[in-house]
Novice: 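Below: one structure in structure tokens.
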Amino acid sequence: MQHRFELSLDDHELADLRRAAERDGVSPELWARRVLAGAAAEARSERQRAALQAAAARSGPPSGDIDEILRDIERGRR
């Protein structure tokens, strides 16, 4: 399903959009969709990276009895 999205641009912004689209050989609408999709993907990637960094900061290296740690590792391999 597709939805409509209206965007107001001033004359300079519209001219910039048209020039960029022309450089890439696509319509201004397609160019804008691609830019928005790229920005959304980058935002998702940033959130994922931040989540991984937060998780890494919370967890430290394994601690405890070395024999117990090795047994846990071995159980995970099975």
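Keep in mind the model is a prediction, meaning the values are calculated, not measured.
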Novice: Quick one: do E74 and R71 make a salt bridge, cutoff under 4.0 Å?
Specialist: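 No salt bridge links E74 with R71.
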Novice: Applying a strict under-4.5 Å side-chain criterion to I, L, V, M, F, W and Y, I'd like to know whether L7 and L36 cluster together.
Specialist: no
Novice: Using a cut-off of 6.0 Å, state whether more than 12 heavy atoms not belonging to D65 lie near its atom CG.
Specialist: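 Counting neighbours around CG of D65, more than 12 heavy atoms of other residues, nucleotides or ligands fall under 6.0 Å, so yes.
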Novice: Among pairs that include at least one residue of residues 31-42, which meet side chain to side chain donor-acceptor pair (under 3.5 Å), considering only residues two or more places apart or in two chains?
Specialist: D24-W31
Novice: Which residues pass the side chain to side chain donor-acceptor pair (under 3.5 Å) test with R44, not counting sequence neighbours?
Specialist: none
Novice: Which pairs would a plain distance check flag for residues 14-22, meaning a side-chain donor or acceptor within less than 3.5 Å of a matching protein atom at least two apart in sequence or in another chain?
Specialist:
residue: D16; atom: OD1; partner: R19; partner atom: NH2; Å: 2.4

